Protein chains: 2
Amino acid sequence: MKGSKTRQAANKSREEEVNTEEKIKNAAREVFHKNGFAATRTRDIAAAAGINLALLNYYFRSKQKLFDIIMLETLQGFARSLLDVFNEETTSFEKKIEIFADRHIEMMRQHPGVPMFILSELRSSPESLIQKMGVVDLILKTEFARQLRQGIKDGRFAPVEPLHVLMNLMGMTAFPFVARPLLKQMGRLSDNQYDQLMVERKKLIPRWLNAALKAK
Amino acid sequence: MKGSKTRQAANKSREEEVNTEEKIKNAAREVFHKNGFAATRTRDIAAAAGINLALLNYYFRSKQKLFDIIMLETLQGFARSLLDVFNEETTSFEKKIEIFADRHIEMMRQHPGVPMFILSELRSSPESLIQKMGVVDLILKTEFARQLRQGIKDGRFAPVEPLHVLMNLMGMTAFPFVARPLLKQMGRLSDNQYDQLMVERKKLIPRWLNAALKAK
DNA sequence: GTCTATATACGGATAGAC
DNA sequence: GTCTATCCGTATATAGAC
């Protein structure tokens with residue numbers, strides 16, 4: 001049904017706002033990321049896209065189908081780039097943490113709503129959705145995890161469940177974005193000041209994590 | 001309008017399910033915590049409370065008003081118990097971290113949906129709501145924060161913005177509950193196994209955090 | 001106080017003109 | 001492809017009997 005449309009997506013990087021389908025997707029991404037599925041009205045998306053409500057259904061058939069597309073793209077775009085870091089064969093364990101913190105935080109600085117979006121939607125979604133993007137399962141099979149286990153065996157790190165390390169790493173990087181309204185208020189910071197802290201954390205987190213791995 | 005009802009709340013700990021108003025609030029708390037405001041239908045609450053839909057409006061006037069009550073109570077109950085730890089005059093900085101991690105994690109084990117509930121609702125709420133429960137502002141004025149600054153001044157800790165420490169502490173404790181579906185899948189764990197990790201973290205987080213504070 | 005029945009509003013989706 | 005007008009299900013809220 002949609003395969004009949006002309007495929008001019010190849011050179012879309014040239015134009016400003018491409019075709020209508022892209023306009024709707026861009027608007028949907030923005031609104032969904034900000035408010036989540038349940039709190040989003042298709043009318044808001046249409047308005048943000050500068051088109052009529054009917055067009056949304058013409059292109060995507062339903063709110064749910066449009067959402068599924070946005071969710072899948074968001075999830076994969078997010079996971080993919082992080083897994084790449086963990087799978088890199090030639091970098092050291094410590095270097096992977098540095099690159100991860102830097103890339104992960106930078107990604108979230110560019111798209112501050114994404115972490116909350118992913119986590120809040122995952123809360124109510126069935127496990128099947130998580131498995132659907134099989135990427136997730138593989139994390140403890142990456143070179144990163146192997147290097148961690150090796151480091152423990154060598155006595156360079158204290159014995160610890162790898163998932164704990166992942167929780168610490170992701171917690172330290174992602175939590176400040178998820179809890180931004182709360183933490184910003186706690187520190188009485190402006191948007192700029194808060195963002196500055198995020199930049200600092202790129203360098204600090206690897207240092208902290210490293211120290212923790214050697215603790216006791 | 002509601003002040004006319006008899007006040008038998010004093011000895012409510014004795015009964016199983018108290019009066020209707022409490023039954024509705026308990027049901028509302030459960031459903032709101034699980035699904036958030038937008039995804040919750042008043043019918044679900046009524047059903048969970050075992051009463052008719054009309055009664056909900058009779059007691060609380062509107063979905064929004066009922067939600068506001070639940071939100072405020074949840075927020076305060078959560079913040080209060082944590083602030084108490086931070087304000088304690090006689091415990092050391094290190095001891096405060098131990099108590100905080102233990103209490104905070106235990107609280108979330110009992111109410112796993114609460115962290116996600118608070119954060120996801122705060123994302124869309126205006127800042128005024130956060131300020132309304134003024135508790136939040138005070139965190140960097142607690143004895144905990146003072147002791148941290150003093151420790152830095154004495155050279156026991158590396159210089160660091162106190163808010164960073166708060167982000168690390170809360171990130172390490174709360175993130176595993178917020179990102180539970182994702183992390184559980186990553187580790188291929190059962191509910192029990194995951195819970196076991198949470199218990200371990202009570203002891204581990206203070207150790208890690210302490211090491212991080214001395215790093216470099 | 002608690003129910004059944006119903007009004008009212010809102011949001012997703014479609015019909016049909018252009 | 002894009003619009004206006006409208007339908008229709010669902011959810012909140014109220015009326016009114018008991």
Side-chain angles (χ1 to χ4, degrees), chain A residues 1-9 12 15-71 121 124-125, chain B residues 1-9 12 15-71 121 124-125:
Chain A
M1 23 187 68
K2 239 170 24 189
S4 62
K5 276 205 309 304
T6 54
R7 278 279 133 252
Q8 34 175 267
K12 76 172 178 180
E15 287 119 278
E16 280 306 304
E17 259 291 20
V18 288
N19 55 39
T20 303
E21 184 172 351
E22 281 299 318
K23 266 200 290 196
I24 297 176
K25 270 180 62 174
N26 289 337
R29 189 175 302 113
E30 182 185 321
V31 180
F32 277 138
H33 282 183
K34 190 172 171 195
N35 299 328
F37 179 82
T40 291
R41 290 167 305 172
T42 51
R43 286 170 157 81
D44 297 337
I45 298 176
I51 52 99
N52 188 277
L53 171 59
L55 262 192
L56 187 150
N57 289 293
Y58 172 76
Y59 276 99
F60 296 96
R61 188 74 186 149
S62 78
K63 176 189 181 185
Q64 184 66 53
K65 284 195 179 14
L66 175 54
F67 176 82
D68 289 345
I69 292 173
I70 298 297
M71 174 53 112
E121 295 300 333
S124 38
S125 303
Chain B
M1 23 185 72
K2 241 169 18 188
S4 61
K5 275 205 308 309
T6 56
R7 277 282 133 250
Q8 34 176 265
K12 75 171 178 181
E15 287 122 280
E16 280 307 303
E17 260 291 20
V18 289
N19 55 40
T20 303
E21 184 172 350
E22 282 300 319
K23 266 201 289 194
I24 297 176
K25 270 179 62 173
N26 289 338
R29 190 176 301 114
E30 182 186 321
V31 180
F32 278 139
H33 281 183
K34 190 172 170 197
N35 300 327
F37 179 82
T40 291
R41 290 167 306 172
T42 50
R43 286 170 154 80
D44 298 337
I45 298 176
I51 53 98
N52 189 274
L53 173 58
L55 264 189
L56 188 149
N57 288 292
Y58 172 76
Y59 277 99
F60 296 96
R61 188 70 185 151
S62 78
K63 174 188 180 184
Q64 184 66 54
K65 283 196 179 15
L66 174 54
F67 176 83
D68 289 346
I69 292 173
I70 299 297
M71 173 54 114
E121 294 301 332
S124 37
S125 304

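So that the names make sense, note that chain A is the first sequence line, chain B the second, and so on, each numbered from 1. Just so it is clear, the structure is predicted and the values come from calculations on it, not from any experiment.
For C/dG12, neither phosphate oxygen OP1 nor OP2 lies less than 4.0 angstrom from any side-chain nitrogen or oxygen of A/Arg61.
Closest approach to the A/Asn52 side chain among C/dT14, D/dT14, D/dC3 is made by D/dC3 (side chain taken as heavy atoms from C-beta onward). Across C/dC3, D/dA11, C/dG1, the shortest atom-to-atom separation from the side chain of B/Arg41 is found for D/dA11. Distance from the side chain of B/Thr20 is smallest for C/dT2 among the nucleotides D/dT2, C/dT2, C/dA13. Among the nucleotides D/dT2, C/dA13, D/dT4, the one closest to the side chain of A/Leu53 is C/dA13. The side chain of B/Leu55 lies closest to C/dT2 when the candidates are C/dT4, C/dT2, C/dT14.
Residue pairs meeting the salt bridge (Lys or Arg N to Asp or Glu O under 4.0 Å) criterion with at least one member in residues 31-40 of chain B, sequence neighbours excluded, do not occur. The stretch residues 47-56 of chain A participates, sequence neighbours left out, in no salt bridge (Lys or Arg N to Asp or Glu O under 4.0 Å) pair at all.
In this structure, CD1 of B/Ile24 is placed 13 Å from C1' of C/dC3, rounded to the nearest angstrom. Atom CD of A/Gln64 and atom P of C/dG12 are 11 Å apart (whole Å). At whole-Å resolution of the value, OH in A/Tyr59 and P in C/dG12 are 20 Å apart. One interatomic measurement links the two molecules: CD of A/Glu22 to P of D/dG1, which rounds to 14 Å at whole-angstrom precision. The nearest whole Å value for the distance from the CD1 atom in A/Ile51 to the C1' atom in C/dA13 is 14 Å. Rounded to whole Å, the distance from CG on A/Asn57 to P on D/dT2 is 14 Å. The OH atom of B/Tyr58 sits 17 Å away from the P atom of C/dT4 (whole-angstrom rounding). Straight-line distance from the CG atom of B/Asp44 to the P atom of D/dA13: 14 Å, rounded to whole Å.
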Quiz item: Taking it one step at a time, do A/Ile69 and A/Lys65 satisfy side-chain contact (heavy atoms from CB on, under 4.5 Å)?
Solution: CA-CA 6 Å; A/Ile69 292 173; A/Lys65 284 195 179 14; 5.6 Å; no

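Contact of the B/Leu66 side chain with the B/Thr42 side chain is not registered, since no non-hydrogen atoms from C-beta on lie closer than 4.5 Å.
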Identify each donor-acceptor pair in which a side-chain atom of residues 44-54 of chain B lies under 3.5 Å from a protein atom, sequence neighbours left out, and give them as a table.
| residue | atom | partner | partner atom | Å |
| --- | --- | --- | --- | --- |
| B/Asp44 | OD1 | B/Arg41 | NH2 | 3.0 |
| B/Asp44 | OD2 | B/Arg41 | NE | 3.4 |
| B/Asn52 | OD1 | B/Ala54 | N | 2.8 |

Below 3.5 Å is the cut-off: list the nitrogen or oxygen pairs between protein and nucleotides 6-8 of chain C, distance only.
none

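Scanning for ring pair (Phe, Tyr, Trp, His ring centres under 6.0 Å) contacts around B/Phe67 gives B/Phe32, B/Phe37, B/Phe117, with sequence neighbours left out. For the side-chain hydrogen bond (donor to acceptor under 3.5 Å, both in side chains) test, residues two or more places apart in sequence or in another chain that qualify with B/Lys25 are B/Glu73.
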